[in-house]
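Beneath this line is the structure, given in structure tokens, with notes to follow.
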Amino acid sequence: MRLTILGGGGFRVPLVYGALLGDHAEGRITHVTLHDLDPARLTAVARVLADQAGDAPDAPSVTVTTDLDEALRGADFVFSAIRVGGLAGRAADERVALDLGVLGQETVGAGGIAYGLRTVPVAVDIARRIARLAPDAWVINFTNPAGLVTEAMSRHLGDRVIGICDSPVGLGRRVARVLGAEPDEAGIDYVGLNHLGWLRGLRVAGRDELPRLLADPDALGSFEEGRLFGPAWLRSLGAIPNEYLHYYYFNRETVHAYQEAKQTRGAFLRDQQARFYAEMTRPGAPALRTWDRTRAEREATYMTENRASAGLGERDETDLESGGYEQVALALMRAIARDERTTLILNVRNRTTLRVLDEEAVIEVPCLVDANGAHPLSVAPLPGHATGLVCSVKAVEREILAAAGSGSRATAVKAFALHPLVDSVNIARRLVDGYTDAHPALAYLNRT
């Protein structure tokens, strides 16, 4: 089996390769092709993968290329983790928004819209090429904003593109452990959009244990989301929100914390990764050890501003473990390639799962996965407050897709203006001006 990784020079690629090294079953990935536009980044990541593989006799072979068509031909799976504009683009997204007093996070609010407007045209081109060059390939999308990009690609690839995210998995694992349950044995009732979902139940041996957690203030405040949102707010919701909902529920505090920070998250990662890739140009640099050290620092500083706005300190050691998107990707590939039926929280087309959205809308819900792909499971309707937010943000995503398809500046302004975290049409216009000035990739937006 052949896997192509788009964005193959990306910092987190070794996580995916590490997961593949642990898979020794028949039908496993035996060859990995890394594609990236930056040859130096490809070389750096290939060095890390070589260190990871060591002397393992059955380690997947690795090739690198800057030719997209070459990378796609013959692929059984395509893993998309591109970043249009790089981390410099992310840092600019954050700064333009913050200078206008609104959130500039990578996937949420103004920053997420700007990132989507840059990324969708590239993702659509990739989807068309896959449909032509590797029509039988399954596409696993991790490119952010993951739900939006998956929906854009699904218009050309149908159900053969599936979006993944590690946030819901990490949330489910933390809640299960607080309840004394084995995470892999717990059934999670989770529903929403990417980075906009709620854990509404956690079943262990057929019993929903979430009410027990919500009734225990000490337990509720003992893990990341409990500390971030506060037990009182979680009890009011009757659910555990995805950590990204902190940007909505505590927007003023978070924007203030971001404005007060010495450096935005994107700027921090831009500088951190620049040091890593520069170090990788030294022939004697210990590749895997350098990557491990950099990754540990990255994980420890995740959502620092949100924790600061909530009056929290450093992340608890038990919360440093992510949901493991690489394990989600591996489980997804295994289920499809070997027809090993499993249930995973994924980004897929809605069909009739959430009645308030149309069939083509990509949502994030538990899915049954088998050789025929991912099939969303039935879920109970969302409560009114969540329905309103989901419908509002999905409407914004549709305007982003329309603007990316038409090049209409007016439609781009509409996307910004309609977002719940952008409170002014005039600010929306200034955001579009700021982002088109900052990003050559947005030159396609015309003046009408």
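Everything numeric in this text was worked out from a predicted model, so none of it was measured.
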For His385 and Leu237: C-alpha separation, side-chain torsions, deciding distance, then whether side-chain contact (heavy atoms from CB on, under 4.5 Å) applies. CA-CA 9 Å; His385 68 87; Leu237 291 174; 3.7 Å; yes
For residues 86-103, which residue pairs qualify under salt bridge (charged side-chain N to carboxylate O under 4.0 Å, His left out), counting only residues two or more places apart or in two chains?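 Residue pairs passing salt bridge (charged side-chain N to carboxylate O under 4.0 Å, His left out), neighbours aside: Arg90-Glu94, Arg90-Glu106, Asp93-Arg118, Arg95-Asp99.
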Does the side chain of [Y] come within less than 4.5 Å of [X]'s, by heavy atoms?
X	Y	value
Val362	Asn350	no
Leu87	Gln273	yes
Leu34	Val13	yes
Leu171	Glu224	no
Leu3	Asp76	no
Ser167	Glu243	yes
Val425	Ile427	no
Leu37	Thr66	no

Step-by-step side chain to side chain donor-acceptor pair (under 3.5 Å) determination, Glu364 to Asn194: CA-CA 6 Å; Glu364 191 168 79; Asn194 180 240; 2.9 Å; yes
side-chain contact (heavy atoms from CB on, under 4.5 Å) between Leu431 and Val102, worked out: CA-CA 10 Å; Leu431 285 165; Val102 296; 4.2 Å; yes
Within this structure, what is the [atom1]-[atom2] distance for the pair [X] and [Y], rounded to the nearest 0.5 Å?
X	Y	atom1	atom2	answer
Ile345	Asp166	CD1	CG	11.5 Å
Ile240	Leu228	CD1	CG	11.5 Å
Leu245	Asn251	CG	CG	12.0 Å
Asn141	Ile162	CG	CD1	10.5 Å
Ile126	Ser80	CD1	OG	5.0 Å

Hey, can you tell me if His439 and Tyr435 have their rings parallel, tilted or perpendicular (30° and 60° cut-offs)?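 Rings of His439 and Tyr435: parallel, as their planes differ by under 30°.
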Would you call the rings of Tyr325 and Phe142 parallel, tilted or perpendicular, where under 30° means parallel and over 60° means perpendicular?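 Tyr325 vs Phe142 ring planes: parallel.
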Salt-bridged, [X] to [Y], with N to O below 4.0 Å?
X	Y	answer
Arg351	Asp159	yes
Asp23	Arg28	no
Arg174	Glu225	yes
Lys394	Glu151	yes

Would Arg265 and Thr301 satisfy side chain to side chain donor-acceptor pair (under 3.5 Å), going step by step from the backbone distance to the final call? CA-CA 9 Å; Arg265 177 66 172 173; Thr301 56; 2.7 Å; yes
Derivation of the salt bridge (Lys or Arg N to Asp or Glu O under 4.0 Å) call for Asp433 and Arg429: CA-CA 6 Å; Asp433 290 342; Arg429 292 180 177 130; over 6 Å; no
Checking side chain to side chain donor-acceptor pair (under 3.5 Å) for the pair Asn144/Thr107: CA distance, chi angles, key distance, verdict? CA-CA 7 Å; Asn144 277 323; Thr107 63; 5.5 Å; no
Aromatic ring proximity, centroids under 6.0 angstrom, Tyr190 and Trp198: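 They do not qualify: ring centres at least 6.0 Å apart.
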Cation-pi check, Arg2 onto Phe77 ring (under 6.0 Å, within 45° of axis):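 Judged by the rule, Arg2 and Phe77 form no cation-pi pair.
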Step by step, would you call Thr63 with His31 a side chain to side chain donor-acceptor pair (under 3.5 Å)? CA-CA 8 Å; Thr63 58; His31 183 86; 3.1 Å; yes
One pair to check against side-chain contact (heavy atoms from CB on, under 4.5 Å): Leu330 and Val328. What are the steps and the verdict? CA-CA 5 Å; Leu330 180 61; Val328 179; over 6 Å; no
